[in-house]
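Encoded as structure tokens, the structure appears first; notes follow it.
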2 protein chains.
Amino acid sequence: MSAEKIKEAAMHYFATQGYEGTSLSQIAEKVGIKKQSIYSHFSGKDDLFLQVLDNTLQQEIHDLNTKLKHLRTSSLKETLYQLIEDLMSRYEHSEHMKFWLRMSYYPPMHLYEKVNDAIYQHDAEERKLFLSLFKKAIDDNVLKNRKPEHVTIAFIALLNAITVELVYGGVERAREVVNPSWEIFWDGIARYSEGDGI
Amino acid sequence: MSAEKIKEAAMHYFATQGYEGTSLSQIAEKVGIKKQSIYSHFSGKDDLFLQVLDNTLQQEIHDLNTKLKHLRTSSLKETLYQLIEDLMSRYEHSEHMKFWLRMSYYPPMHLYEKVNDAIYQHDAEERKLFLSLFKKAIDDNVLKNRKPEHVTIAFIALLNAITVELVYGGVERAREVVNPSWEIFWDGIARYSEGDGI
DNA sequence: AATTAACTGACGACCGTTCGTGAGTCGAAG
DNA sequence: CTTCGACTCACGAACGGTCGTCAGTTAATT
């Protein structure tokens with residue numbers, strides 16, 4: 001019960017202020033307890049952090065899976081575009097993702113290995129899902145003659161670019177980047193770039 | 001003399017551990033002095049940080065300018081590709097850029113406004129330079145019928161995507177992203193996508 | 001009676017910062 | 001050539017705070 005509230009508060013501050021910039025008293029205050037009481041649920045700051053990290057990883061992979069399941073009937077073009085839209089709305093509404101991002105880029109140094117393992121697991125999962133998407137599209141003759149692995153890499157790069165814009169300009173600024181980048185990307189991969197509507 | 005060494009050391013730690021994760025004693029130790037001596041040159045941690053930030057901003061803009069000047073005779077395709085290569089080699093060899101990046105993404109909260117001003121200045125300069133590049137290319141009929149502003153945005157997004165990969169996978173991982181992303185990007189903007197060799 | 005979760009109190013370590021001091025440099029005055 | 005004062009730079013000592021952590025206690029629940 002209270003452990004969940006602690007993890008929520010911790011995630012919020014870790015996401016907005018980083019690991020070093022967040023103190024246990026700050027977390028405790030937000031929950032409404034004293035900082036020493038955190039030790040009733042976690043063995044220390046690192047333990048709390050790693051549990052938050054673990055929760056977030058599972059959440060992220062789960063989100064991605066259900067999202068792709070829902071889009072299985074759509075066209076590739078629509079699926080990809082929806083993934084971009086989804087990225088932005090998730091960033092706007094979920095602290096999970098902000099936390100996940102920040103720790104992907106700049107984890108606390110003394111926990112680097114553990115964080116990296118989690119990231120690697122997530123990235124591999126993500127890559128696998130996208131790859132199957134593009135393989136199918138190539139079989140359906142939708143795409144230019146490219147290796148599906150390369151298209152996957154480029155699409156993830158596009159998502160990363162939008163993500164960066166989210167981090168440092170928020171949703172309104174990311175919006176300005178999406179359309180130009182998306183159009184050029186789609187032009188770059190689609191066999192017929194015009195007149196197939198979205 | 002010693003102020004320069006302090007700023008160098010500070011930049012290194014700010015870049016690798018963030019503002020909150022860096023202590024003055026750590027910086028002093030690297031220089032070979034005591035932390036109190038830093039106050040002979042700077043009025044405090046914030047002052048030191050802001051001076052490092054300022055140096056870095058100037059360096060970044062200067063670098064970009066000279067780089068573009070050197071490339072003025074090359075074709076657009078080669079120019080853009082060289083800018084990507086340059087991004088990676090600069091990341092590999094210069095601490096300036098690592099510092100700059102980290103503080104762009106996650107500045108210390110109480111200095112947010114000042115950092116943001118610097119970033120805005122840099123981004124505006126960058127956008128201006130790229131824009132003139134693409135405007136000229138459109139006049140030369142090299143590109144598809146797109147607004148130069150949109151191409152600029154998409155190219156900066158591409159650079160950002162590569163930058164992200166640099167941050168969290170280093171140069172070797174970024175290399176894997178560059179070629180697929182670059183080819184698709186160029187296919188997406190160039191009027192004739194084949195046979196103009198680079 | 002046993003377990004749990006919150007509390008109070010205190011710990012040493014480190015943080016950024018201030019103050020006063022002393023050693024070194026340099027140019028001008030004697 | 002020496003002496004003096006001003007200036008620069010690094011120092012030790014110490015400040016009030018905050019950090020993460022540990023130990024022991026209390027009150028409520030099972």
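These numbers come from a predicted model, not from an experiment. Reminder, nothing fancy here: chain letters follow the sequence lines and each chain counts from 1.
- The side-chain hydrogen bond (donor to acceptor under 3.5 Å, both in side chains) analysis of residues 24-39 of chain B, with sequence neighbours excluded, yields the pairs B/Gln17-B/Gln26, B/Ser23-B/Ser25.
- At a threshold of 4.0 Å, the pair A/Arg146-B/Asp187 counts as salt-bridged, since one of the basic side-chain nitrogens sits closer than that to a carboxylate oxygen.
- Applying the salt bridge (charged side-chain N to carboxylate O under 4.0 Å, His left out) test to A/Glu4 and every residue at least two apart in sequence or in another chain returns A/Lys7.
- Between A/Glu95 and A/Arg90 there is no salt bridge, since none of the side-chain N atoms of the basic residue sits less than 4.0 Å from a carboxylate O of the acidic one.
- Using a 4.0 Å cutoff on non-hydrogen atoms, the parts of residues 25-50 of chain A near DNA chain D are A/Ser25, A/Lys35, A/Gln36, A/Tyr39, A/Gly44, A/Lys45, ordered by number.
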Seminar exercise, completed: Its contact letters, B for base, S for sugar-phosphate only and - for none at protein heavy atoms under 4.0 Å, make nucleotides 24-30 of chain D read -------
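- The distance between atom NE2 of A/His110 and atom P of D/dC19, rounded to the nearest whole Å, is 16 Å.
- For A/Phe130, the ring pair (Phe, Tyr, Trp, His ring centres under 6.0 Å) partners at least two apart in sequence or on another chain are A/Phe155.
- Under the 4.5 Å side-chain contact rule for hydrophobic residues, A/Tyr13 and A/Ile6 share a cluster.
- At a threshold of 4.0 Å, the pair A/Lys114-A/Asp46 does not count as salt-bridged, since none of the basic side-chain nitrogens sits closer than that to a carboxylate oxygen.
- Non-hydrogen atoms lying under 4.0 Å from DNA chain D are contributed by nothing in residues 3-11 of chain A.
- Between A/His110 and A/Tyr19, the distance from one ring center to the other falls under 6.0 angstrom.
- Rounded to whole Å, the distance from CG on B/Leu24 to P on C/dG16 is 4 Å.
- Taking the ring axis of A/Phe14 as reference, the NZ or CZ atom of A/Arg102 does not stay both within 45° of it and closer than 6.0 Å to the ring centre.
- Between B/Asp140 and B/Arg191, no side-chain nitrogen of the basic residue sits less than 4.0 Å from a carboxylate oxygen of the acidic one, so the salt-bridge criterion is not met.
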